[in-house]
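No hydrogens, no waters, no symmetry mates; every other heavy atom, side chains included, goes into these values. Letters A, B, ... are given to chains in the order of the sequence lines, protein chains preceding strands, and every chain is numbered from 1.
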Amino acid sequence: MDAVGRGAVGKSLGSAKGFPYLRGSAFAYRVRRTALTLVAIAALVTAVWATSAAFEGHADAGVFTDVTGRFVAGVSPTGFAWRDGVRPGQQVVSVGRSDDPAGWNIVTLGPVGRIESRAAPIESALRESLPFAVLGLAAAALALVFLRTNRDWVLPAAGVSLLGSSVPLILANGDATTITLLLAAVVPVGGIAWRFRLWRPLAGAATLGVVVLLVAWWITRSSGDSGAEAVERLRRVVAVGGTGLLFVDRALARAGLGGTSEMTRVKLLTDAGAVILVGGTLALLYLGAFPAPVIAVGLVLGLLAAFPVRAYVGRRIEYALIADLRQHLTADVVEEERSRLARELHDVPLQQLSGVIRRLELVPEAKEETGSLQAIADELRAVAIDLRPPMLDDLGLGAALDFLAEQSANPGIEVEATINDATGPYRRPPASVELAVYRIAHEAVANALNHANAHHVTIAASIGTDAIELEIADDGVGLPADAARRASSRGRLGLASMRRRAQAIDADFSIDGSDGGTRVGLTWRA
Amino acid sequence: VARVIRVAIVDDHPIVLSGLETALRTVDDIAVVAQGQTVAEARAIAERQDVEVLLLDVRLPDGNGLDLLSEFAGRGPAVLVLSTFKTRQYVAAALRFGAQGFLLKTAPLEELIAAIRQIASGGTAFSPEQLREGRGGYVSLSPRERQIVGLVISGRSNDEIAAELHTSRKTVEVHLSRMYERFEVMTRLELAMRADHEGWLDLTAGR
């Protein structure tokens, strides 16, 4: 999950340094998206093919006459008859009617006697699977609803949908159809492989395993190898496991790796949409609610509609991103400009004033003028300090945080700094890190002062040359996670900017406002 | 004839250098014997035996005057820091790194001259207010560390401290070794002296 990789910064686009949404090149993103779409389409095509094959029954078994005129069985390795032990060339004792309500059957003479194979009655299979299919579709609908608000629900919902629609596949007695389950599993497993950085090796291996199993399955079944069934069982486990992995993925993401990005939502929309489409189509086909051609037409229409919908959602998100980016860039520009002004004030007018004051002091009649020049210098100094605390450059982060606490305290609010400063002359963390941490602290304290209605704010920092820990806590109204997310997505409270600054220096950032007061935490390691 | 105090000035702004020199030239018992604009030049000046008081700027093109100050560690000339900014943190850093005084560049000439004389006579030129504010600076101790430092100053052994605080000797040792590292001292005596000198325990809780 790009956006939740703990504060890591990957390659970024252009000047948007550390901007998480645009990580990776546009080309890689397009390739990724195309690959996922292709997998989804392949899964759909296979689903339609396998389903129609199962319904028509020709994938299963048939009766032929051999050269001696005997009736012999012809069996496809994808059919149920094969599973029951019917093999090509076995003499056929009897065959059932294709419209037998109890299911079509075939009886042959095998090496050890009669072999009877009966397809499950399709109608009853459908009846049994109906609740699951409905559940699957409902979950898919829920997924779409939640997709707009809370991504944590998206893939579990899609997973439920997939599982729900898988049940009818397993119940219906068609081995050919399990291949769709297999392919459907490739989508979530592959999706996780692309998105979830942490599990990428694992998920990549799982996806590869699925593909290998698929090939092994085809080979063993077509050659009539007896290992086929073991492979078959394993394949089912992997297929269902792929869906299970979805839950693991989401649970992990939810438990430890909070954070969200709009672009992630776009990706999820695409993947979840594919998963839901596959699951939903399969469920509909097995429900037999509509004739296959109607479903096929519906599917095509659905796919056609999906593109404008995605384009619309994508565009809206894009606008939000641009606004967000502009805000960040503006903040950077302002920051740079303030630093430049502070430097200019320090280097030019303040130095000139001190030089002039020294000379003017030698003129006894100019005592008053000297006094006013000193007052001007004091004011310029105050402006410079306000623009950018000079101790950040001259003395380091510890001094700057101490100063921040001193400056922020007022009669209504106590600001207390506890700083463990292990830095010293010539031993300081990189200046960019000091600045980022200071700005985050500044923002957090400003929030506590302006929004939290706090009475007591603590700044706790432990500063070393290669590690910094910062915690800013207040006793104010706190910050419900939802409010934080909303405020953040609107660029308020500076949460996005704090997070971005943390990401830019590869630091872990956390904000917790659930149990009375807000706590902002930052950990940086060189 | 009064003794002449030999002074050197290091500041990267020519206008400051010349202003200071012009002003100090009017004072009979002060002679500007060297000038520099960089940390490197300041280091060379510090090597000279004839400079008594070095007026040192903080922000220099090739480094930081306060960092340089910490290099002297008692050797070299006495240093009066002349800074563009003056907040508690600056004064604290100057104190900690061994300066003998701290003034704003725009401070009245009389104050500057008085400070130079004070330092040349072997004293320090920190005002009582600066000492009070700057002592300890932002050196901050956790409540536990504060207790331990207090007990160290009163001459307790690690075992006694552990007993007093109802903790293990090991814990006390860990706290102490962490503080040694943080404050760059080698022994408990050094720690106690610094804590005493810089008034760590005088400060209000949390600072």
| request: Mind checking side chain to side chain donor-acceptor pair (under 3.5 Å) for B:Glu164 and listing every partner two or more places apart, or none if nothing turns up? | output: B:Arg156
| said: Just to be sure I understand the criterion: a residue of residues 10-21 of chain B counts if one of its heavy atoms is under 4.5 Å from a heavy atom of chain A. Which ones qualify? | reply: B:Asp11, B:His13, B:Ile15, B:Val16, B:Ser18, B:Gly19, B:Leu20
| query | Taking atom CG of A:Asn450 as the centre, does the number of heavy atoms from other residues, nucleotides or ligands within less than 6.0 Å exceed 12? | reply | yes
| Residue part contacting chain A, namely of B:Thr22, when any heavy atom lies under 4.5 Å | both
| request: Select all residues of residues 357-370 of chain A having any heavy atom within less than 4.5 Å of some heavy atom of chain B, and report them by number, or 'none'. | output: A:Ile357, A:Arg358, A:Arg359, A:Glu361, A:Leu362
| query | So which part of A:Gln374 gets closer than 4.5 Å to some heavy atom of chain B, the side chain, the backbone, both or neither? | reply | side chain
| request: Answer yes or no: is there an ion pair linking A:Arg340 with A:Glu335, defined by an N-O contact shorter than 4.0 Å? | output: no
| query | Are the side chain of A:Trp524 and the backbone of A:Ile505 linked by a donor-acceptor contact shorter than 3.5 Å? | reply | yes
| message | Quick check on the structure: residues of residues 112-119 of chain B within a heavy-atom distance below 4.5 Å of chain A, by number. | response | B:Leu112
| query | So, A:Glu434 side chain and A:Leu397 main chain: donor-acceptor pair closer than 3.5 Å or not? | reply | yes
| remark: To the nearest 0.5 Å, atom CG of B:Leu55 lies from atom NZ of B:Lys105 at 11.0 Å
| said: Would you say B:Thr38 and B:Arg43 are linked by a side-chain donor-acceptor pair, where the criterion is simply a distance under 3.5 Å? | reply: no
| Check: A:Val457 main-chain N/O paired with A:Glu416 side-chain donor or acceptor under 3.5 Å | no
| Heavy-atom pair of closest approach, residues A:Pro390 and B:Arg59 | CB-NH2, 3.4 Å
| message | At a 4.5 Å cut-off on heavy atoms, which part of B:Thr26 comes close to chain A: side chain, backbone, both, or neither? | response | side chain
| said: With a 4.0 Å cut-off on N to O distance, would you call A:Glu443 and A:Arg439 a salt bridge? | reply: no
| Would you call A:Asp474 and A:Arg519 a salt bridge, taking side-chain N to carboxylate O under 4.0 Å as the test? | no
| field | Spacing of OG1 belonging to B:Thr84 relative to CG belonging to A:Leu345, to within rounding of 0.5 Å | value | 11.0 Å
| task | Measure from the side-chain N and O atoms of A:Arg428 to the backbone N and O of A:Thr423, and report whether any donor-acceptor pair falls under 3.5 Å. | result | no
| query | Is the side chain of B:Asp29 donor-acceptor paired with the backbone N or O of B:Ile5 at a distance under 3.5 Å, no angle test? | reply | no
